[in-house]
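Below, read A as the first sequence line, B as the second, and so on, with proteins coming before strands; counting in each chain starts at 1.
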Protein chains: 2
Amino acid sequence: MLRLSRGVEYAMRGLIYFVSQPEERVIPLSEISESECIPKSFLVKIFQVLLKRGIVKSVRGLDGGFILAKSPRNINLLDIIEGIDGPLSAFYDCHRDSCKKEDNEICPIHNAYKEGIDKLSDVLRNHSIEEIART
Amino acid sequence: MLRLSRGVEYAMRGLIYFVSQPEERVIPLSEISESECIPKSFLVKIFQVLLKRGIVKSVRGLDGGFILAKSPRNINLLDIIEGIDGPLSAFYDCHRDSCKKEDNEICPIHNAYKEGIDKLSDVLRNHSIEEIART
DNA sequence: CATTAAAAGACTGAAAAGGTCTTGTTTATA
DNA sequence: TATAAACAAGACCTTTTCAGTCTTTTAATG
């Protein structure tokens, strides 16, 4: 219900791999897959999402691969989590109305939960993958 | 991955039902089930968990039912969420070691996530069922 | 002793998560 | 220009979790 999904974890480990390289270069997923013990085909799927999100750029063809689309200082954990699993805000919408349709506004239960999720978002937004990689 | 489960939502609505009564009394789950449009047998299961957690007390037999075990001011959202779905801390343990077993300590990714979850916990702990019911 | 309600836990169906497979397309280079 | 390495896209499959049901048992009360 609240755990970091495998997809997100793999995405982060994949991105950290770029940061931890001595120099910037195009890296094929086969390399990351082997080094990080992440199933190749799953990693491919994840990076295709990161590509659409503008977090990485792809280079096709022989000697192709991926490269970070922006500075690792500007890639934060929230970007990655929401990129892979969708917006956190999707998780405090209320089911109650399916039964009682009086009001459309968010119910007090989910409102309190929203407050917590917002705090969580703040924390995640304030950690870049560069910072994580350094730690 | 991050949403409030049905079980938790039903638990909260069930508990709020007690708070919103004019006077304190033993309430059978059949009444809450009907009033709140919650499947009876599911609600039963949820209240058995709340019972074990010391949040409600049960009264068996004819005219039996449940009653809050403590003041609604002292029942917070975190109690309920963790009571039903298990401790939030379970959601930042790392899978990485299944591949690389060098270290046992929490990895930087999950460490950052833990910081966020701790903030979320704080917020949830600071909202009581009584407060939610009043809102 | 019939009725009503909780207690306990096995069981089931549906949905989501995690992962694989297949069939392309692109492109450097031998 | 054929080939091999790599991304692109999406169908497909398997496992786990979630949500909910069913059955049997225990207990209280009129």
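- In this structure, CD1 of Ile84(B) is placed 12 Å from P of dC18(D), rounded to the nearest angstrom.
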Show me the donor-acceptor pairs, under 3.5 Å and distance only, between side chains in residues 116-125 of chain B and residues at least two apart or in other chains.
unit_1    : atom_1 : unit_2    : atom_2 : d
Asp118(B) : OD2    : Lys114(B) : NZ     : 3.0
Ser121(B) : OG     : Ile117(B) : O      : 2.9
Asp122(B) : OD1    : Arg125(B) : NH2    : 2.8

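- Pairs engaging residues 126-135 of chain A under the side-chain hydrogen bond (donor to acceptor under 3.5 Å, both in side chains) rule: His127(A)-Glu131(A), His127(A)-Glu115(B) [sequence neighbours left out].
- To the nearest angstrom, P of dT20(C) lies 12 Å from CG of Leu43(A).
- Minimum atom distance to the side chain of Arg6(A) is reached by dG19(C), of the listed dA9(D), dG20(D), dG19(C).
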Could you tabulate the donor-acceptor pairs under 3.5 Å formed by side-chain atoms of residues 47-62 of chain A, not counting sequence neighbours?
none

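- Note: CZ (Phe42(B)) to P (dT12(C)) measures 18 Å, nearest angstrom.
- Nucleotide dT20(C) holds its C1' atom 14 Å from the CD atom of Gln48(A), rounded to whole Å.
- Qualifying side chain to side chain donor-acceptor pair (under 3.5 Å) partners for Asp63(A), counting only residues two or more places apart in sequence or in other chains: none.
- If you check dT21(D), dA7(C), dC7(D) against the side chain of Ser41(B), the one that comes closest is dT21(D).
- A straight line from CD1 of Ile67(B) to P of dA28(D) spans 16 Å, rounded to a whole angstrom.
- For the strand DNA chain D, secondary-structure stems (runs of at least three Watson-Crick or G-U pairs, all distances below 3.5 Å) span C:1-30 with D:1-30.
- The side chain to side chain donor-acceptor pair (under 3.5 Å) search around Asn111(A) returns none, not counting sequence neighbours.
- In the region residues 52-63 of chain A, proximity to DNA chain C at under 4.0 angstrom, judged on heavy atoms, holds for Arg60(A), Gly61(A), Leu62(A).
- Within the 4.0 angstrom heavy-atom criterion, no nucleotide atom of any strand lies near Phe47(A).
- Annotation: salt bridge (charged side-chain N to carboxylate O under 4.0 Å, His left out) contacts involving residues 70-80 of chain B, sequence neighbours excluded, are absent.
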Atom pairs and distances, side-chain donor-acceptor, residues 24-32 of chain B, under 3.5 Å, sequence neighbours left out:
unit_1   : atom_1 : unit_2   : atom_2 : d
Arg25(B) : NH1    : Glu31(B) : OE1    : 3.3
Arg25(B) : NH2    : Gln21(B) : OE1    : 2.8
Arg25(B) : NH2    : Glu31(B) : OE2    : 2.7
Glu31(B) : OE2    : Tyr17(B) : OH     : 2.6

